[in-house]
Amino acid sequence: MDDHATTTGGAAAAPTTGGLTCLVTGATGYIGGRLVPELLDAGHRVRCLARSPERLRDHPWADRAEVMRGDVTDPDAVAAALRGTDVAYYLVHALGTGAGFEERDRSAARIFAGRARAAGVRRIVYLGGLTPAGVPPQDLSPHLRSRAEVGEILLGSGVPTAVLRAAVIIGSGSASFEMLRYLTERLPVMVTPSWVGTRIQPIAVRDVLRYLVGAATLPAGVSRAFDIGGPDVVTYEQMMRRYAAVAALPHRLILRVPMLTPRLSSHWIGLVTPVPRALARPLAESLRHEVVCHEHDIARYVPDPPGAPIGFDRALELALRRVREADVSTRWSSASLPGAPSDPLPTDPDWAGGSLYTDSRERAVDASPQALWRVVEGIGGANGWYSFPLAWAVRGWLDRLVGGAGIRRGRRDAALLRVGDSLDFWRVEEIEPGRLLRLRAEMRLPGLAWLEMYVEPGTGGARGSGARYRQRALFHPHGLLGHLYWWSVSPFHAVVFGGMARNIARAAAALPAAPDPARDATP
């Protein structure tokens, strides 16, 4: 699931006056992470159910919301989270988790529906997928079929439910936008599958959020599905051409090849874009059928303000502006990649959980701790990993070939990191500004891996006291294959990890010295 766990806990934020109490599941995901501040700004109280509450710690709204540790597959956790709730947002799904995801979606939705009814929840709001009219369920993609089934389960809960059905969501950081962006920017000549001719009705993420917030106050007697979309109906080919125009790219040559199935398309998308095959395949399969709104009844209850719904070209402009200004609040990779490891780093130095291999490096740095931290926090993405770029690139390609994230997920923000951010094929597990960055590997490995980078005050150096950089790579092997993996790659550690420590130190020393306010002050 997008955002699951097994126990409850957490502290409540200070209550606000008025408004509704809203539970948001999937708050660590793309839509959930953007919905929470919108609800808060609308005057509602917000509670989040999250498997890993610490991943919400650094969000700007974290101190305004209540966070509970829990999993939508745990009936007790769901019951506790729904207690005293007026409106429950169901924003989780098992997209891309492999075989059996439909049953996992079905089971979780039934738990949520039953516990919401028992708790006396006044409304459920669910964001589902827009399904084509007249197509039997068995002919839909497994992803769309499951989303539709979850909507039916929630509508049958006995709790008034609003199912908002959207097709392609266009917003900075959305999987659909990233897929469109990278395909168009990287391929001036494209050999494309036949589904690029399918008609689609995309919607701007701003309108999705507006409808989600508005659905909280629907009349009690309204319990139904609503199609939501923007004003434009386009084919995917037209979307690519219009993206090129908005982004001021040269004309794109698009050649259709009918034998490219959704399965083959997902491999192609995985090679060209940061979206991994596990997510690309259901996205491609969902485009086999026309997905166009057949009604706009939601406007009777959530009126469209001037200029809304936002047109496709305008949605692209807004998303591109956010990307170029490095102001992307959540990304498709905000949710953990399905199958990625999630065990926390054992903190006990005498950890008894089995073998724990380490590679430690330490260097004195002729730079201030602040300069060194700027380099550490800026690692990855366009800045790279400061050692043997070819080795990192090859490791990323190998990871993509086995269904992993690869190294092209990049960063949410070019300079700043927060707990839960994806960082190429790592995820930020802990960050102590100015001191520690701990990354957990989400690449496919026969074990669990972490990379720690510490910044400490040093002694000596041309710039005051200087700094000391400490780096530690850790690996907990799973079985014999894990041990063999560590020993097979350990000969390269001096080049990869040693080079990283050396080049990070050099990069920090090369940064311009920060001005000294005391020295520059005039008497």
Report task. Please check if the side chain of R147 supplies one atom and the backbone of L127 the other of a donor-acceptor pair under 3.5 Å. Result -> yes
**Report entry** Side-chain ion pair, R427 and D421, N-O less than 4.0 Å
**Finding:** no
Query raised in the report: Taking the side chain from R241 and the backbone from R252, do they hold a donor-acceptor pair closer than 3.5 Å?
Result: yes
Report task. Taking the side chain as every heavy atom from C-beta outward, state whether R181 and V323 have any atom pair closer than 4.5 Å. Result -> yes
Requested in this report: May I ask you to decide whether R411 forms a salt bridge with D413, counting only side-chain N to carboxylate O separations under 4.0 Å?
Outcome: no
Query raised in the report: According to the interplanar angle, ranging from 0 to 90°, do the rings of W61 and H59 count as parallel (below 30°), tilted (30 to 60°) or perpendicular (above 60°)?
Result: tilted
Query raised in the report: How close do Y30 and G173 get, heavy atom to heavy atom, and via which atoms?
Result: CE1-C, 3.5 Å
Report task. For I169 and I31, work out which heavy atoms get closest and say how close. Result -> CD1-CD1, 4.3 Å
Requested in this report: Look at R34 together with E38 and state whether they make a salt bridge at an N to O cut-off of under 4.0 Å.
Outcome: no
Query raised in the report: Does D105 reach the main-chain N or O of H93 with its side chain, forming a donor-acceptor pair under 3.5 Å?
Result: no
**Report entry** Closest heavy-atom pair and its distance - S387, G499
**Finding:** CB-C, 3.7 Å
Report task. Would you mind checking if R106 and E103 are paired as a salt bridge, meaning a charged N to carboxylate O distance below 4.0 Å? Result -> yes
Query raised in the report: So, Y236 versus Q238: side-chain donor-acceptor pair below 3.5 Å or not?
Result: no
Report task. To the nearest 0.5 angstrom, please state how far the CD atom of E185 sits from the CG atom of L183. Result -> 10.5 Å
Requested in this report: Determine the minimum heavy-atom distance between A204 and I310, stating which atoms define it.
Outcome: CB-CB, 3.9 Å
Requested in this report: Compare every heavy atom of C48 with every heavy atom of V36, then report the nearest pair and how far apart it is.
Outcome: CG2-SG, 3.8 Å
Query raised in the report: Can the ring centroids of Y485 and F475 be said to lie less than 6.0 angstrom from one another?
Result: yes
Query raised in the report: Relative to the ring of W487, is the ring of Y357 parallel (under 30°), tilted (30 to 60°) or perpendicular (over 60°)?
Result: perpendicular
Query raised in the report: Is there a donor-acceptor pair under 3.5 Å between the side chain of Y89 and the backbone N or O of L212?
Result: yes
Requested in this report: Give the C-alpha distance, both sets of side-chain angles, the deciding distance and a yes or no for side-chain contact (heavy atoms from CB on, under 4.5 Å) between V234 and R242.
Outcome: CA-CA 10 Å; V234 292; R242 289 169 71 166; 3.2 Å; yes
Query - Residue pair N503 / W385, side-chain donor-acceptor N/O under 3.5 Å - result: no
Query raised in the report: Would you say the side chain of F177 lies within less than 4.5 Å of the side chain of Y243, judging by non-hydrogen atoms?
Result: yes
Query raised in the report: Any sub-3.5 Å donor-acceptor pair from T184's side-chain atoms to L180's backbone N or O?
Result: yes
Query raised in the report: With distance as the sole test, does D424 use its side chain to make a donor-acceptor pair with the main-chain N or O of G381 at under 3.5 Å?
Result: yes
Requested in this report: Considering only NZ, NE, NH1 and NH2 on the basic side and carboxylate oxygens on the acidic side, decide whether R57 and E430 come within less than 4.0 Å.
Outcome: yes
Requested in this report: Evaluate the side-chain hydrogen bond (donor to acceptor under 3.5 Å, both in side chains) criterion for residues E456 and Y469: first the C-alpha distance (whole Å), next the side-chain angles of each, then the deciding distance (0.1 Å), finally the verdict.
Outcome: CA-CA 6 Å; E456 299 171 347; Y469 174 70; over 6 Å; no
Query raised in the report: Counting N and O atoms only, with roles assigned by atom type, does the side chain of S176 sit under 3.5 Å from a partner on the main chain of I170, one being a donor and the other an acceptor?
Result: no
Report task. Considering only NZ, NE, NH1 and NH2 on the basic side and carboxylate oxygens on the acidic side, decide whether E66 and R47 come within less than 4.0 Å. Result -> yes
Report summary line: Nearest heavy-atom approach of R322 to V328 is O-CG2, 3.9 Å
Report task. Check whether any side-chain heavy atom of L451 sits under 4.5 Å from a side-chain heavy atom of M500, and report yes or no. Result -> yes
Requested in this report: May I ask you to decide if G434's main-chain N or O and Q370's side chain share a donor-acceptor pair within less than 3.5 Å?
Outcome: no
Query raised in the report: Is the backbone of G378 close enough, under 3.5 Å, to the side chain of N383 for a donor and an acceptor to pair up by distance?
Result: yes
Query raised in the report: Relative to Y454, does R470 satisfy both conditions: NZ or CZ under 6.0 angstrom from the six-membered ring centre, and within 45 degrees of the ring's axis?
Result: yes
Query raised in the report: Given the side-chain rings of H493 and W486, with only the six-membered ring counted for Trp, is the space between their centroids under 6.0 Å?
Result: yes
Requested in this report: Output the distance between atom CZ (R438) and atom CD (E429), rounded to the nearest 0.5 Å.
Outcome: 6.0 Å
